[in-house]
Amino acid sequence: MSPRSTRFVALTILPFVAGLVLLAASPTSVAAAPPTSTAAKPAGGPNTGYDISYPQCGGPFPANPTFGIVGVNRGIVFSPNPCLGAGNGPSELAWAGGLTAQLYANTGNPGPAISSHWPDGQTAPRECNTAASPGRDTANCAYDYGWNAAADSYQTAVRAYISLGLAPAGATTTPQANGWWLDVETGNSWRSDVTLNVAALQGAVAYLQSVGVASIGFYSTQQQWNQITGGSLAFAAHQSWLAGATTSKQARTNCGAVAFTGNVVALAQYFAKGFDADLRC
């Protein structure tokens, strides 16, 4: 997301490392065009929102969106978006509606060979490479990695709310339960064993459920979902945010597509006026 798969970034396949499929995105981020109008009416109509993230730092944001979605990461897990809260230019969280904002987090599973955040010795929510559960490259370890990544993203959002004065100092939860989306794209690091990737995503979902977020959905395309998860239906209880359209007409067509999670397509993304627009299906 931002930079998006829908922007057709060039992907370079890096050397195969111990079962790791690492697709390094070489984004050529589209420059954000200034809004064409400052009128109070919602941009794009009553069912259209916009999403932004770190590439829009310091630039213009879409004017008067019906709803806003903002990325909490800087393109990868364990890396905060510097413009989410106050202090580094205009706040993207404030733009997205503050308390009513929807949030999205990057996901991934680089595996123990290259990750500096691998949960060796962690005992909860699952045991990873302990005496009772030996082995580093296991589904339990992948689950913990996903749990930890989601926890880090969630706390990034909490800190942003504190910086904006919307949550008290020392808060550990967001002031209001937000809707969250998990970004599943080949531009991040994943394993060739899709069962380990599914385990990491299950850990991320479980963490967000544990803190009582309002909803959890997934952002991807069918092709990327198939490559990363093997087309898993393990997340059929969750809605899909479908990328891939370049026009609003294509987005409307995508609203009727089969959802990659097995649930419904709730949002269809397309490109409009230099930004990522999102049609509510």
hydrophobic_cluster_shared for Ile228 and Leu196, side chain cutoff 4.5 Å:
no
- Query: Please walk me through it: do Ile162 and Val158 pass side-chain contact (heavy atoms from CB on, under 4.5 Å)?
  - Reply: CA-CA 6 Å; Ile162 293 172; Val158 172; 4.0 Å; yes
Under 3.5 Å side-chain donor-acceptor pair for Thr66 and Thr48: no
Side chain Asn106, main chain Gly75, donor-acceptor under 3.5 Å: yes
Gln223 CD: over 12 foreign heavy atoms closer than 6.0 Å: no
Interatomic distance, OG1@Thr229 vs CD@Gln202, rounded to 0.5 Å, equals 10.5 Å
| Does the side chain of Tyr207 come within less than 4.5 Å of Asn148's, by heavy atoms? | no
Check your understanding: Can any side-chain N or O of Thr261 pair as donor or acceptor with the backbone N or O of His238 at less than 3.5 Å?
Key -> yes
Ring pair (Phe, Tyr, Trp, His ring centres under 6.0 Å) filter on Tyr143, not counting sequence neighbours, yields none
Could you check whether any side-chain N or O of Ser163 sits under 3.5 Å from a backbone N or O of Ala86, counting only pairs where one atom can act as donor and the other as acceptor?
yes
*asked:* Check whether Asn263 reaches the backbone of Ala236 with its side chain - one donor and one acceptor, N or O, closer than 3.5 Å.
replied: yes
Closest non-hydrogen atoms of Gly108 and Ala200, given as atom of the first, atom of the second and distance, are O-CB, 4.1 Å
Closest non-hydrogen atoms of Gln239 and Ala266, given as atom of the first, atom of the second and distance, are OE1-CB, 3.2 Å
TODO: Give the cluster check for Val211 versus Leu182: same hydrophobic cluster or not, with ILVMFWY residues linked at side-chain heavy-atom distances below 4.5 Å.
DONE: yes
Is there a side-chain contact between Tyr161 and Asn178 in this structure, where contact means two heavy atoms from C-beta onward sitting under 4.5 Å apart?
yes
Is there a continuous path of hydrophobic side-chain contacts, each under 4.5 Å between heavy atoms, that joins Leu233 to Val264?
no
One should read off an interatomic distance between Arg74 CZ and Cys57 SG, to the nearest 0.5 angstrom, of 6.5 Å
CD1 (Ile69) and OH (Tyr50) are apart, to the nearest 0.5 Å, by 12.5 Å
d(Glu92 CD, Phe61 CZ) to nearest 0.5 Å is 4.5 Å
Closest heavy-atom pair, Ala214 versus Gly179, reported as atoms and distance to 0.1 Å, is CB-N, 4.0 Å
- Please check if the side chain of Trp118 supplies one atom and the backbone of Asp137 the other of a donor-acceptor pair under 3.5 Å. no
Val77 reachable from Leu103 in the ILVMFWY side-chain graph, under 4.5 Å edges: no
Tell me whether Tyr154 shares a hydrophobic cluster with Leu166, the cluster being built from Ile, Leu, Val, Met, Phe, Trp, Tyr side chains joined at under 4.5 Å. yes
Please check: side-chain N/O of Asn109 versus main-chain N/O of Arg191, any donor-acceptor pairing under 3.5 Å? no
Quick one about Asn73 and Thr156 (side-chain donor to acceptor, distance below 3.5 Å, no hydrogens or angles considered), yes or no? no
Quick one: does any side-chain atom of Ser91 pair with a main-chain N or O of Leu93 as donor and acceptor, under 3.5 Å?
yes
Open item on the list: Is the shortest side-chain heavy-atom distance between Ser232 and Val194 below 4.5 Å?
Closed with: no
Nearest heavy-atom approach of Cys255 to Ala268 is SG-CB, 4.0 Å
All heavy atoms of Cys141 vs all of Pro119, minimum pair found to be O-CG, 3.5 Å
The reported gap from OG1 in Thr107 to CZ in Phe218 (rounded to nearest 0.5 angstrom) is 8.0 Å
- Query: Counting only N and O atoms by type, is there a donor-acceptor contact under 3.5 Å from the side chain of Thr100 to the main-chain atoms of Gly97?
  - Reply: yes
Tightest non-hydrogen contact, residues Ala257 and Val265, listed as O-CG2, 3.6 Å
Check whether any side-chain heavy atom of Pro65 lies under 4.5 Å from a side-chain heavy atom of Trp95, and answer yes or no. yes
So ring-ring contact (aromatic ring centres under 6.0 Å, His included) across residues 245-269, not counting sequence neighbours, yields Trp225-Phe260
Could you tell me whether the side chains of Gln250 and Asn254 share a donor-acceptor contact shorter than 3.5 Å? no
Check: Taking atom types as modelled, is there a side-chain donor on Asp278 or Tyr219 under 3.5 Å from an acceptor on the other?
Finding: no
Measuring only between side-chain heavy atoms, which start at C-beta, is Leu242 closer than 4.5 Å to Gln269?
no
Q. Would a distance-only check, ignoring hydrogens and angles, find a side-chain to backbone donor-acceptor pair under 3.5 Å from Asp144 to Arg126?
A. yes
Only residue of Phe78, Tyr145, Trp147 satisfying ring pair (Phe, Tyr, Trp, His ring centres under 6.0 Å) with His117 is Phe78
Practice task
For side-chain contact (heavy atoms from CB on, under 4.5 Å), just list the numbers for Thr246 and Tyr270, CA-CA rounded to whole Å, side-chain angles, deciding distance to a tenth of an Å, and then say yes or no.
Solution key: CA-CA 5 Å; Thr246 56; Tyr270 65 101; over 6 Å; no
ask   = Do Val184 and Gln224 come close enough that some side-chain heavy atom pair is under 4.5 Å?
value = no
Is any side-chain heavy atom of Val72 closer than 4.5 Å to one of Trp180? yes
Taking the side chain as everything from C-beta on, heavy atoms only, tell me whether Pro175 gets closer than 4.5 Å to Leu99. yes
| task | Indicate, with yes or no, if the rings of Trp181 and Tyr104 have centres closer together than 6.0 Å. | result | no
Between the CG atom in Asn47 and the CG atom in Leu279, the distance rounded to the nearest 0.5 Å is 6.5 Å
Has Gln155 got a side-chain atom pairing as donor or acceptor with Asp152's backbone, closer than 3.5 angstrom?
no
